[in-house]
Amino acid sequence: MTKVALSLGTNIGNRAGHLKAMQRGISKLLCSPVTFSSPMETSALEVEESHPPYLNQIVCGFFSGTAFELLDMCKALEHSLGRTHKGMKKPRTADIDILLFGEEQICSQELTIPHRAILKRLFCLKGLNQVCPELSIPGTGKTVRENLIKTDSEIKKQNVLFLTDSQLGFEAIYEF
């Protein structure tokens, strides 16, 4: 079993419903304990055109297969929720990124781990800090908490608003 961290995101349609569906789907893919950060509303990053705000959430749990098997399962879940393209920086119903896969470092055309933007997205670091602050980020020599503390001042300016479950209209399912 490998400890993994994923990022969930959605910014079109019924965002809360899509996030809930991703939570349910991911909880079936990962082995216990599975822990979810608080949901966050964030502004779209690294896009040219205007995008609606995202709902994001970070998930930590354990996976019994390879990183590429997890990638395929995440893509299938995205597709089942209406995602028709990957990596095009367009608004989407479902976006699931593998942030960390144990201590592995992978750099292929299909998959990069740690995720190439893990240290550039404040919501990733803040969400990871909620659910697995002592987890090491391979290649940095630091834990999630240490990386968050050392985050560049420009990244710290990113908009991250933690939401309550009642604001989203559903009950928490943060730990299985």
Side-chain angles (χ1 to χ4, degrees), residues 3-30 34-61 63 65-101 104 106-132 135 137 144 155 158-163 165 167-170 172-174:
K3 187 159 189 172
V4 301
L6 308 175
S7 167
L8 312 179
T10 175
N11 74 330
I12 57 174
N14 178 357
R15 298 180 314 152
H18 294 312
L19 188 62
K20 185 74 162 179
M22 283 187 278
Q23 291 172 348
R24 287 186 182 125
I26 290 299
S27 67
K28 292 176 185 174
L29 298 180
L30 301 183
V34 178
T35 308
F36 292 81
S37 73
S38 298
M40 298 165 269
E41 187 167 69
T42 65
S43 300
L45 300 172
E46 302 172 4
V47 294
E48 310 249 336
E49 58 198 49
S50 178
H51 282 228
Y54 275 84
L55 283 183
N56 291 105
Q57 196 166 37
I58 304 300
V59 185
C60 280
F63 187 71
T66 69
F68 290 95
E69 290 169 335
L70 180 58
L71 177 65
D72 288 342
M73 292 175 180
C74 290
K75 284 180 180 180
L77 180 55
E78 289 174 337
H79 184 73
S80 75
L81 294 170
R83 177 93 187 252
T84 56
H85 54 279
K86 183 78 176 166
M88 297 178 64
K89 298 189 181 187
K90 300 282 184 195
R92 58 212 50 175
T93 56
D95 185 34
I96 304 169
D97 292 329
I98 303 172
L99 300 177
L100 298 169
F101 196 89
E104 288 192 39
I106 300 170
C107 187
S108 75
Q109 189 172 354
E110 296 175 81
L111 183 62
T112 301
I113 296 177
H115 190 279
R116 69 192 181 319
I118 193 170
L119 300 174
K120 297 176 184 176
R121 295 178 179 163
L122 188 59
F123 79 87
C124 287
L125 290 170
K126 284 190 167 193
L128 284 166
N129 195 54
Q130 276 192 341
V131 294
C132 50
L135 197 61
I137 298 179
V144 167
I155 293 168
Q158 292 174 8
N159 225 5
V160 177
L161 174 65
F162 284 95
L163 302 172
D165 299 313
Q167 288 172 302
L168 293 175
F170 58 79
I173 61 164
Y174 300 155

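Given the structure is predicted, the values throughout are model-derived calculations rather than measurements.
With contacts defined as side-chain heavy-atom distances shorter than 4.5 Å, the pair Asn14/Lys20 does not qualify. Between Arg121 and Ser7 there is no side-chain heavy-atom pair separated by less than 4.5 Å. Taking 4.5 Å as the limit, some side-chain heavy atom of Ile137 sits within range of a side-chain heavy atom of Leu125. Looking only at side-chain heavy atoms (C-beta outward), Asp72 and Glu69 stay at 4.5 Å or farther from each other. Counting heavy atoms from C-beta outward, Leu111 and Phe101 have side chains that stay 4.5 Å or more apart.
One finds the CG atom of Leu19 at 7.5 Å from the OG1 atom of Thr10 (value rounded to the nearest 0.5 Å). The NZ atom of Lys75 sits 5.5 Å away from the CD atom of Glu110 when rounded to the nearest 0.5 Å. For the atom pair NE2 of His79 and OG1 of Thr93, the computed distance is 10.5 Å after rounding to the nearest 0.5 Å. Taken from CG in Leu70 to CZ in Phe63, the straight-line distance is 4.5 Å, to the nearest 0.5 Å. The CG atom of Leu6 lies 10.0 Å from the CG atom of Leu128; values are rounded to the nearest 0.5 Å. Remark: Ile98 CD1 to Leu71 CG distance equals 5.0 Å, nearest 0.5 Å.
Between Asn129 and Val144 the shortest heavy-atom distance is N-CG1, 3.6 Å. Listed here is the closest heavy atom pair of Leu55 and Ala16: CD1-N, 3.6 Å. Considering every non-hydrogen atom in both Pro52 and Ile12, the closest pair reads CG-CG2, 4.2 Å. Nearest heavy atom pair, residue Ser37 against residue Val131, reads N-CG1, 3.3 Å. Smallest separation of non-hydrogen atoms from Ser27 and Arg24: OG-O, 2.7 Å. Residues Ala44 and Tyr54 share a closest heavy-atom pair of CB-CE1, 3.8 Å.
The closest donor-acceptor contact from the side chain of Ser38 to the backbone of Leu163 lies at 3.5 Å or more, if one exists at all. Listed for the Asn11 side chain is a donor-acceptor partner under 3.5 Å among the backbone atoms of Arg92. Panel note: side chain Glu41, backbone Asn159; no donor-acceptor pair is recorded below 3.5 Å. With hydrogens and angles disregarded, no donor-acceptor distance shorter than 3.5 Å links the side chain of Arg83 to the backbone of Ile96.
In this structure Ala94 satisfies the side chain to side chain contact (heavy atoms under 4.5 Å, CB included) test together with Met22, Glu78, Leu81, sequence neighbours excluded. Scored by the side chain to side chain donor-acceptor pair (under 3.5 Å) test, Thr42 finds Asn56 as partners (sequence neighbours excluded).
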